[in-house]
**Student:** 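Sending over a structure as structure tokens; questions will come in a sec.
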Amino acid sequence: MKIGRYEILEELGQGAMGTVYRARDPLIERTVAIKTVSISLLQQEGADAESRFLREAQSAGRLSHPNIVTIYDVGEADGLAYIAMEYLTGMTLRDVIDKGPIPLELALDTAVQMAGALAFAHEHGVIHRDIKPANVVVTGQRGHVKLTDFGIAHLVNSNHTKTGQMLGSPRYMSPEQAMGREIDGRSDIFSLGAVLYEMLTGRYAFDGDSLPSIVYRVISETPMAAELIRPQLPAELLGLLECMLSKNPEARPDARALVDALLALAQPPEPMPLPAPPANRLRACWP
């Protein structure tokens with residue numbers, strides 16, 4: 001079986017975007033991952049959905065960053081739109097979290113890498129729109145992180161949400177995204193906050209037994225305080241997490257400021273004792 005010039009080696013899985021394959025590019029003898037979606041399915045999402053899919057995949061393909069999966073090629077063949085990208089070995093962050101809460105140092109390191117990727121993407125005009133553990137691949141023994149599906153996962157979602165295939169994503173949606181409003185990079189920050197909360201506690205920040213109940217909690221409720229689930233978390237981290245999960249996008253840090261804040265938390269404290277800031281300042285969010 002072939003898709004365009006790519007020789008299909010095996011099916012890796014299926015998801016909301018369609019089918020994912022491991023394939024071989026015969027031109028340069030390289031193994032790639034191929035994500036496909038039916039063009040007819042894209043067209044059901046709107047007259048311009050097909051062109052938007054290709055355009056946004058091309059935009060994501062211009063992102064060259066060590067924590068973003070590399071896109072090699074975008075095209076159409078045999079009734080399918082496809083994206084050929086870097087083939088990664090390892091496990092998803094979803095697999096890691098399913099084993100239980102993550103050590104603090106590792107959770108911070110993972111969040112720093114994700115925030116760095118988002119900062120780079122946002123500075124180049126690309127919003128991810130679907131940050132969740134399943135879209136984070138952890139490779140190698142040192143826990144190197146790669147974000148996948150930049151800017152494209154939302155294009156095939158409305159019909160799939162109704163059938164439950166997108167049930168995982170609403171747990172990480174920002175309130176403004178859940179309400180169908182225009183979003184910017186601060187929406188990705190909220191989603192990263194939900195992922196960080198889950199890494200630290202082993203629980204979803206927003207959960208429910210149905211799609212409407214999850215969406216309601218995302219829009220209207222705050223998650224259980226992380227320190228009640230995992231005592232001894234640093235107060236500065238709890239304050240930062242609260243800001244990331246603010247319902248008000250303007251109260252969230254941008255991705256570059258978030259990288260700096262997380263790095264500061266990950267570094268060992270200065271040996272010289274400093275007076276603790278007032279408690280109310282620990283919970284202050286970005287202006």
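All values derive from a computational prediction rather than experimental measurement.
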**Student:** Quick one: does any side-chain atom of Ser246 pair with a main-chain N or O of Ala251 as donor and acceptor, under 3.5 Å?
**Tutor:** no
**Student:** Report the C-alpha distance between Glu198 and Arg171 in whole Å, list the side-chain angles of each, state the deciding distance to 0.1 Å, and finish with yes or no for salt bridge (Lys or Arg N to Asp or Glu O under 4.0 Å).
**Tutor:** CA-CA 11 Å; Glu198 192 175 344; Arg171 293 188 175 96; over 6 Å; no
**Student:** Judged by atom type as modelled, is there a donor-acceptor pair below 3.5 Å linking the side chain of Asn67 to the main-chain atoms of Ala117?
**Tutor:** no
**Student:** Okay, side chain of Ser187, backbone of Ile183: is any donor-acceptor separation there less than 3.5 Å?
**Tutor:** no
**Student:** Would you say the side chain of Leu93 lies within less than 4.5 Å of the side chain of Met199, judging by non-hydrogen atoms?
**Tutor:** yes
**Student:** Should Val126 and Val259 be regarded as members of a common hydrophobic cluster, given that ILVMFWY residues are connected when their side-chain heavy atoms come within less than 4.5 Å of each other, either directly or indirectly?
**Tutor:** yes
**Student:** Side-chain contact test, heavy atoms from C-beta onward, threshold under 4.5 Å: evaluate it for Leu233 versus Leu104 and give yes or no.
**Tutor:** yes
**Student:** Report the residue from Leu192, Leu263, Leu196 that forms a side chain to side chain contact (heavy atoms under 4.5 Å, CB included) with Leu258.
**Tutor:** Leu192
**Student:** Are Ile229 and Leu200 linked, directly or through intermediate hydrophobic residues, by side-chain heavy-atom contacts shorter than 4.5 Å (ILVMFWY only)?
**Tutor:** yes
**Student:** Other residues, nucleotides and ligands only: do more than 12 of their heavy atoms fall within 6.0 Å of CE on Met179?
**Tutor:** yes
**Student:** Are the side chain of Arg217 and the backbone N or O of Asp207 linked by a donor-acceptor pair below 3.5 Å?
**Tutor:** yes
**Student:** Do Asp130 and Tyr172 meet the criterion of a side-chain donor-acceptor pair at a distance under 3.5 Å?
**Tutor:** no
**Student:** Ignoring hydrogens, what is the shortest heavy-atom contact between Glu227 and Leu238? Give both atom names and the distance.
**Tutor:** OE1-CD2, 3.4 Å
**Student:** Would you mind telling me which of Gln177, Arg129, Lys132 makes a side-chain hydrogen bond (donor to acceptor under 3.5 Å, both in side chains) with Ser169?
**Tutor:** Lys132
**Student:** How close do Asp188 and His122 get, counting heavy atoms only, and between which atoms?
**Tutor:** OD2-NE2, 2.8 Å
**Student:** Distance-only, no hydrogens or angles: does the Tyr72 side chain make a donor-acceptor pair with backbone N or O of Ile83 under 3.5 Å?
**Tutor:** no
**Student:** Minimum heavy-atom separation for Pro26 and Glu7, please, with both atom names.
**Tutor:** CB-OE2, 3.9 Å
**Student:** Looking at Met244 and Ile189, what are the two nearest heavy atoms and their distance?
**Tutor:** CE-O, 3.8 Å
**Student:** With heavy-atom distances below 4.5 Å as the criterion, would you say the side chains of Ile97 and Ile102 are in contact?
**Tutor:** yes
**Student:** Taking only Lys NZ, Arg NE, NH1 and NH2, and the carboxylate oxygens of Asp or Glu, determine whether Asp98 and Arg94 approach each other closer than 4.0 Å.
**Tutor:** yes
**Student:** How close do Ala205 and Pro223 get, heavy atom to heavy atom, and via which atoms?
**Tutor:** O-CB, 3.2 Å
**Student:** Any side-chain heavy atom of Ile34 within less than 4.5 Å of one from Tyr87?
**Tutor:** no
**Student:** Return the OH to CG distance between Tyr6 and Asp73, rounded to the nearest 0.5 Å.
**Tutor:** 3.5 Å
**Student:** Rounded to the nearest 0.5 Å, what's the gap from CZ on Arg252 to CZ on Phe190? Could you check?
**Tutor:** 6.0 Å
**Student:** Under a 4.0 Å threshold between the charged nitrogen and the carboxylate oxygen, would Asp184 count as salt-bridged to Arg186?
**Tutor:** yes
**Student:** Are Ile71 and Ile3 connected, step by step, through hydrophobic side chains (Ile, Leu, Val, Met, Phe, Trp, Tyr) whose heavy atoms are closer than 4.5 Å?
**Tutor:** no
**Student:** Say you draw a straight line from CG of Leu9 to CE of Met1; how long is it, rounded to the nearest 0.5 Å?
**Tutor:** 11.5 Å
**Student:** Does CD in Glu182 sit with more than 12 non-hydrogen atoms of other residues, nucleotides or ligands closer than 6.0 Å?
**Tutor:** no
**Student:** Within the 4.5 Å heavy-atom criterion, are Leu118 and Leu147 side-chain neighbours or not?
**Tutor:** yes
**Student:** State, with a plain yes or no, whether a side-chain heavy atom of Lys35 is found less than 4.5 Å away from one of Thr19.
**Tutor:** no
**Student:** So does Arg5 pair up with Asp25, basic N to acidic O under 4.0 Å?
**Tutor:** yes
**Student:** I'd like to know if the side chain of His128 reaches the main chain of Thr148, judged simply by a donor and an acceptor atom lying under 3.5 Å from each other, with no hydrogens or angles considered.
**Tutor:** yes
**Student:** Please examine the side chains of Ile68 and Lys146, heavy atoms only from C-beta on, and report whether any two atoms are closer than 4.5 Å.
**Tutor:** no
**Student:** Is Arg24 paired with Glu29 through a side-chain N to carboxylate O contact shorter than 4.0 Å?
**Tutor:** yes
**Student:** Any chance you could lay out the side chain to side chain contact (heavy atoms under 4.5 Å, CB included) test for Leu245 and Phe206, step after step, and finish with the verdict?
**Tutor:** CA-CA 11 Å; Leu245 291 173; Phe206 306 97; 4.3 Å; yes
**Student:** Ile219, Tyr216: one ILVMFWY side-chain cluster at the under-4.5 Å cut-off?
**Tutor:** no
**Student:** How far apart are the closest heavy atoms of Val96 and Met91, and which atoms are they?
**Tutor:** CG2-SD, 3.4 Å
**Student:** Quick test of your reading of the model: are Lys247 and Glu176 salt-bridged, counting only N-O distances below 4.0 Å?
**Tutor:** no
**Student:** Are Ser191 and Met173 packed together at the side-chain level, in the sense that at least one heavy-atom pair is separated by less than 4.5 angstrom?
**Tutor:** no
**Student:** Is the centre of the Tyr82 ring less than 6.0 Å from the centre of the Tyr21 ring?
**Tutor:** no
**Student:** How many angstroms lie between CZ in Arg203 and CZ in Arg230, if you round to the nearest 0.5 Å?
**Tutor:** 12.5 Å
**Student:** From Cys243 SG over to Asn248 CG, what is the distance, rounded to the nearest 0.5 angstrom?
**Tutor:** 10.5 Å
**Student:** How long is the straight-line distance from NE2 of His144 back to CG of Leu88, given to the nearest 0.5 Å?
**Tutor:** 9.0 Å
**Student:** I'd like to know if the side chain of Gln113 and the backbone of Val145 have a donor-acceptor N/O pair within less than 3.5 Å.
**Tutor:** yes
**Student:** Output, in order, the C-alpha distance, side-chain angles, deciding distance and verdict of side chain to side chain contact (heavy atoms under 4.5 Å, CB included) for Val20 and Gln14.
**Tutor:** CA-CA 6 Å; Val20 185; Gln14 296 191 6; over 6 Å; no
